[in-house]
Each structure stands twice: as structure tokens, then as C-alpha cells.
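Encoded as C-alpha cells, the structure appears first; notes follow it.
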Amino acid sequence: MSNKEDEIVFLGSGGGRIHIRTQYRATGGILFKFNGIQAHIDPGPGAIVRINQYNEDPLKTELFFVTHFHVDHFNDIQVMIEASRNRFYDNERKLVKKGILFAPQNVINYISQYHQNMLEKIIPFKAGDTFNYNGIEIIGTKVEHTKIQGFGVKFKLKDYSIAFSSDTMVFDKFPDQFHGIDILVLNLLRPNSIYCKRHLCTDEVIPYLNKIDPTPNTLIITHFGAYMDSPRSDRNFVPSQVKKLQEQTEIKRVIAAEDGMKLKIFDLLN
Ligand SMILES: [Zn+2]
Ligand SMILES: [Zn+2]
């Protein structure tokens with residue numbers, strides 16, 4: 001299958017506790033569809049509602065990623081595992097096994113035995129790990145977030161590479177792990193210089209984005225927190241952050257995620 005069909009669907013563009021509560025921006029995570037495979041990354045609260053609302057099909061999900069043990073990333077994982085099959089038992093009354101979960105061990109421990117038994121495979125995953133799935137290399141990237149374990153995830157396909165940063169701050173080797181990617185999906189919680197010791201704000205990430213070599217074709221920002229756009233913020237800062245990133249980096253295309261947004265990979269590569 002060519003990458004013409006490959007797609008990213010935002011089942012939410014919000015992150016953090018205000019959006020969890022208000023759903024002002026949804027928190028359902030991201031669908032990444034590649035080579036006819038559907039992956040669900042970070043199914044947070046409401047993932048099951050959003051996947052239906054945006055006319056996507058939970059039955060198609062075969063890879064699940066939970067990047068860390070924060071509720072806006074793992075809340076609906078058990079629901080999504082259940083929703084990924086319409087048959088629970090085979091003719092011998094054995095649970096039908098389907099899907100692979102990539103998650104840190106503490107997330108795996110939290111998932112009920114019943115739901116674990118539904119999966120074909122569970123991969124305890126961390127930064128630096130690689131896994132080959134049908135010829136596609138899946139790589140855990142490093143995060144500096146909280147004390148808990150976590151990872152970002154990078155997919156190396158035949159025609160392109162894409163990375164999902166997950167929640168992180170910047171650190172020395174941050175740009176290195178994105179060398180050679182075409183598309184970066186960046187969790188950008190806060191605008192301008194509103195610093196947070198666990199997350200990114202725009203001004204602090206810009207110099208690091210400029211060190212990614214070669215420059216990615218596309219940057220997509222998402223996982224916006226309450227300072228960025230919420231009933232609490234003075235205004236929606238997202239458009240001004242897109243403009244700033246466009247002006248102050250070499251990246252050709254900067255896109256802000258919106259709830260329900262669907263992007264064809266093919267349109268992001270040139
Ligand atoms: Zn988060
Ligand atoms: Zn987090």
C-alpha cells in the first residue's frame with residue numbers, strides 16, 4: 001500500500017487537567033494510519049466518544065501506544081482494547097487475541113488481566129527500544145517529563161519518518177533523535193515563554209527545533225494546555241504560536257492540531 005492513504009487523525013488537541021475536566025479541547029489522543037495499519041497513540045479521556053464522533057473505526061486499531069502513566073494519555077486504553085474487536089471469544093470459548101500494546105511497565109501493571117489477555121502481545125517499551133512491525137521500525141524516543149517512565153515514538157517507514165514527541169521538556173540531545181524525520185508532532189503545552197518544568201513552551205523549544213538536521217518538512221503542534229487555549233486563557237494563543245514558529249524556524253509547514261482534524265501524510269511531505 002502506498003503512503004497516499006496514510007493519515008493522522010486528532011481525537012483531541014488538548015492536554016492537562018483543565019481540558020480533562022472541561023473537554024474544551026478533546027483528549028482522545030491520535031490515530032496514525034500507515035500501510036493499512038491503524039495505531040492509537042495515547043487514548044486519553046473520551047477517546048471512545050471522539051473516535052465515534054469523528055467517524056473513525058475503533059475495530060481497525062491494531063497497535064496501541066501509551067507513552068506514560070498520566071491520565072490524559074492512558075485513561076481509555078482498556079475501553080479501546082475492548083472496542084477493537086467485535087468478537088470476544090472464539091468457537092472454543094477462548095478470548096480472541098488481537099493487537100499489540102506498547103507501554104511502560106507501570107501502565108501495563110495498571111491494565112486489568114482481562115484486557116491484557118485480549119492482546120496478542122504486550123511490549124514493555126521505553127526510550128531507546130526498537131521494534132520491527134511488518135518492516136516498519138518503531139523507535140522509542142527520550143522524554144524528560146516527570147519522574148515516571150515514558151517515551152516518545154518514531155516510525156521509520158519506507159518513504160518517510162514521523163515522530164510523536166509525547167510530553168517532554170527540551171534537553172541537550174532533544175534535536176538529535178529527530179534527525180532525518182519528515183514530520184514532527186510536538187506536544188506544546190504552553191505559549192511564548194510561559195515556562196513549565198515538565199512541559200514545553202514555544203520560546204524555549206524554537207532553538208532546539210532549529211538544530212534538527214535536516215529540517216523536517218512539517219511540524220504539527222498539539223496537546224495544548226489551559227494557558228494556550230481554554231476558558232481560563234486570555235485568548236486562544238494557538239494561531240500566534242503557529243505564526244511565531246513559522247517565522248522563527250526553517251520549517252516549511254507549521255500546523256496546529258484541532259479536534260477531529262485529519263491530515264493526509266502525503267500532503268505533509270514536500
Ligand atoms: Zn499530557
Ligand atoms: Zn504527561
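Quick caveat, the model's predicted, so the values are computed rather than measured. One-based numbering, in listed order, for ligands and for the atoms of each.
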Qualifying residue for ring pair (Phe, Tyr, Trp, His ring centres under 6.0 Å) with Phe74, from Phe65, Phe64, Phe69: Phe69
The N/O/S atom of His145 lying closest to the Zn ion (ligand 2) is NE2
Determine whether the aromatic ring centres of Phe125 and Phe131 lie less than 6.0 Å apart. no
Within His68, is some N, O or S atom less than 2.8 Å away from the Zn ion (ligand 2)? yes
Of all the atoms in Asp167, is at least one N, O or S atom closer to the Zn ion (ligand 1) than 2.8 Å? yes
Is there side-chain contact between Asp167 and Arg198, with heavy atoms separated by less than 4.5 Å? no
Students often mix this up, so state it plainly: with edges at 30° and 60°, are the rings of Phe164 and Phe32 parallel, tilted or perpendicular? tilted
Closer than 2.8 Å to the Zn ion (ligand 2): does that hold for any N, O or S atom in His73? no
Closest to the Zn ion (ligand 2), among the N/O/S atoms of His70, is atom ND1
Heteroatom of Asp72 nearest to the Zn ion (ligand 1) (N, O or S, atom name): OD2
Quick one: are the ring centres of His73 and His145 less than 6.0 Å apart? no
